[in-house]
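My questions all concern the structure below.
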Protein chains: 2
Amino acid sequence: MQDPTVTEAAALVSDALDRAALVTLFGRCTVEYEGRAASELAPGDRHVMLKPDGTHLVHGDEGQKPVNWQPPGSEHDCRIEDAALVIESVRTNPEERLAVTLSTVVHVAAFDPTDDESIDLVGTEADLKRRILKSPDLVEAGFRPLSTERETPAGAVDVYGEDREGRTVVLELKRRRVGPDAVGQLNRYVEALERDLHADAEIRGVLVAPSVTERAKALLAERGLEFVSLTPQAD
Amino acid sequence: MQDPTVTEAAALVSDALDRAALVTLFGRCTVEYEGRAASELAPGDRHVMLKPDGTHLVHGDEGQKPVNWQPPGSEHDCRIEDAALVIESVRTNPEERLAVTLSTVVHVAAFDPTDDESIDLVGTEADLKRRILKSPDLVEAGFRPLSTERETPAGAVDVYGEDREGRTVVLELKRRRVGPDAVGQLNRYVEALERDLHADAEIRGVLVAPSVTERAKALLAERGLEFVSLTPQAD
DNA sequence: ATTTCGATCTCGTTT
DNA sequence: AAACGAGGTCGAAAT
């Protein structure tokens, strides 16, 4: 529907929400949010999308992220207020609410979506783990993985195993170049295991990723941790 | 435009891309991505958005995140191939490419966007910092902030100051409930400063956030770090 | 329902 | 251009 009155638009949106359709609008609007934080957005031309699962997205002309949004699980409501179309989405836990007030509607449309196929994605940390379990020598000659997701008081270790000499080895895997955060994570696991397995056991911590930043390299050295360069995919 | 042929749709999209308009489509499509990772998506009805800044979003009927996307800075291109409308967005650094192949187009529209107002958001970590600098006693009676963003070899400390007895205090601020990662961050700063200011100086590390998880609390105790409960906003 | 961590994270800021 | 950290992060898996 092109250039509808706000009343016409409201009727179409109400009907579409009842049918659990996906609704899109384009028009001049203000946006208010209140919940985990709070925000106000002055008038501008924006794209609005309402999904049947409760998602509410407001996009400007730039950026990958919506300028404002409401997560899945919200309830959409639409009404006329002060000659404007107000679309409000509310949820609880956490309590939050998004209200879009359209003074002019350039465009409204509704679609009946079919359920999606699931996506097949390659090149993740899980792929890196599979690669290592299949060819442990990529990490180091003689490395033997014993378990994955081994629990420690500091969280689950990606890969847990032994080196050629029988020393315990902890691997932390990252699919791409890593900074200081990953070193901290690896260090937590190593310290937790040293405490768990008693102090005399030497435990090697190895960060496995395509590359590391300078600061991360310095932190690794400081903590006596190691680095092995590997990508999720064979080249 | 409702139920156009792919040729009509292609003409509209090409024209809109030349005008740097925002384009939306709805229809049956497959999606291919290759770059930082790689993915394939089988046929389904989806919503496609092309922004003039190079952003390309493909939304299914669920979730806040697009099922597939291409970041800002990409170049859009549209053509007919095998009786289907192919919209491809490509960028370099990193090299990546998203291709949407629409076999049926239910809907196409183009909008000429006006520049957006900027958003006014409150309840951020910056708000928490302002609150503390204005009323340092909220952290602890007698606390005196000396600088913010003080540089250490491990990165910049959120707030750096002294307690009533003149001991150095490092604050790490978080706007919401925190897990183990924030404790690791605080610990890095404290250790870096202990090294910097020589070993005999006692340095207190204080995590300031609304609350902490159990694991984070245990890690704090282990490291001799402290916690103060504060939210970004006064209640 | 909460915790934890990966992500094609995105986004802004600083170096 | 790269690095670093925040985010109304989102989302999924495990507890």
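No hydrogens, no waters, no symmetry mates; every other heavy atom, side chains included, goes into these values. Proteins get letters first, then strands, A, B, ... in listed order; numbering begins at 1 in each.
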Original post:
Parallel, tilted or perpendicular for A:H59 and B:H59, by the 30°/60° rule?
Top reply: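 A:H59 and B:H59: perpendicular rings.
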
**OP:** Summarise protein proximity over nucleotides 10-15 of chain D in one line of letters, 5' to 3': B for base, S for sugar-phosphate only, - for none, counting protein heavy atoms closer than 4.0 Å.
**Re:** SS----

**OP:** Name the nucleic acid region contacted by A:E149, choosing base, sugar-phosphate or nothing; use a 4.0 angstrom heavy-atom cut-off, strictly under.
**Re:** nothing

Any N/O pairs under 3.5 Å between the protein and nucleotides 2-4 of chain D? List them or say none.
| from | atom 1 | to | atom 2 | distance (Å) |
| --- | --- | --- | --- | --- |
| D:dA3 | OP1 | A:R177 | NE | 3.1 |
| D:dA3 | OP1 | A:R177 | NH2 | 2.2 |
| D:dA3 | OP2 | A:R177 | NE | 2.9 |
| D:dC4 | OP2 | A:T213 | OG1 | 2.7 |

**OP:** Figure out the CG/P separation between B:L207 and D:dA6, and round it to whole Å.
**Re:**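 Rounded to the whole Å, the gap is 11 Å.
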
Original post:
Hey, where on DNA chain C does chain A first and last touch, going 5' to 3'? Cut-off is any atom under 4.0 Å from a heavy atom.
Top reply: C:dT2 to C:dC11

**OP:** For the residue pair B:F111 and A:F26, categorise the inter-ring angle as parallel (less than 30°), tilted (30 to 60°) or perpendicular (more than 60°).
**Re:** parallel

**OP:** Would you check if the side chain of B:D158 reaches a backbone N or O of B:L173 as a donor-acceptor pair within less than 3.5 Å?
**Re:** yes

Original post:
About how many Å separate CG of B:D127 and CG of B:L121, when rounded to the nearest 0.5 Å?
Top reply: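 CG of B:D127 is found 8.0 Å from CG of B:L121.
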
Original post:
Atom CD1 of B:I87 and atom CZ of B:R79: how far apart are they, to the nearest 0.5 Å?
Top reply: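 One finds 10.5 Å between CD1 of B:I87 and CZ of B:R79.
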
Original post:
Can you tell me how far C1' in C:dG6 sits from the matching atom in C:dT10, rounded to whole Å?
Top reply: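 Pairwise C1' distance, C:dG6 against C:dT10, rounds to 14 Å.
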
Original post:
Taking only residues two or more places apart in sequence or in another chain, which ones pass side chain to side chain donor-acceptor pair (under 3.5 Å) with A:K174?
Top reply: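 Only A:E172, A:Q185 meet the side chain to side chain donor-acceptor pair (under 3.5 Å) criterion with A:K174.
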
Original post:
Whole-Å distance between D:dG7 P and B:I119 CD1?
Top reply: 14 Å

**OP:** Pick the P atom in D:dG11 and in C:dC11, then give their distance to the nearest Å.
**Re:**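 Taking atom P in both D:dG11 and C:dC11, they lie 15 Å apart.
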
**OP:** Looking at every strand, decide which applies to B:E125 at a 4.0 Å heavy-atom threshold: base, sugar-phosphate, or nothing.
**Re:** sugar-phosphate

**OP:** Please state how far atom CG in B:D181 lies from atom P in D:dT9, giving the value in whole angstrom units.
**Re:** 13 Å

Original post:
So, for A:V139 and A:F143, which heavy atoms are closest and what is the spacing to 0.1 Å?
Top reply: CB-CD2, 4.1 Å

**OP:** With heavy atoms under 4.0 Å as the rule, sort A:E95 into base, sugar-phosphate or nothing.
**Re:**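 Here A:E95 touches no strand at all.
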
Subject >> Interatomic distance, A:Y33 OH vs D:dG7 P [rounded to whole Å] >> reply: 13 Å

Subject >> Counterpart residues, side chain to side chain donor-acceptor pair (under 3.5 Å), relative to A:R204 (two or more places apart) >> reply: A:E140, A:D163, A:E226

Original post:
For the atom pair CD1 (A:I203) and CG (A:L225), what is the distance rounded to the nearest 0.5 Å?
Top reply: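 Going from CD1 on A:I203 over to CG on A:L225, the span is 11.5 Å.
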
Subject >> All side chain to side chain donor-acceptor pair (under 3.5 Å) counterparts of B:E96, not counting sequence neighbours >> reply: B:Y33, B:R36, B:R91

**OP:** Under 4.0 Å between any heavy atoms, over every strand shown, what does B:T124 touch: base, sugar-phosphate, or nothing? Just pick one.
**Re:** sugar-phosphate

Subject >> Within 6.0 angstrom of B:E151 CD, more than 12 heavy atoms from elsewhere >> reply: yes

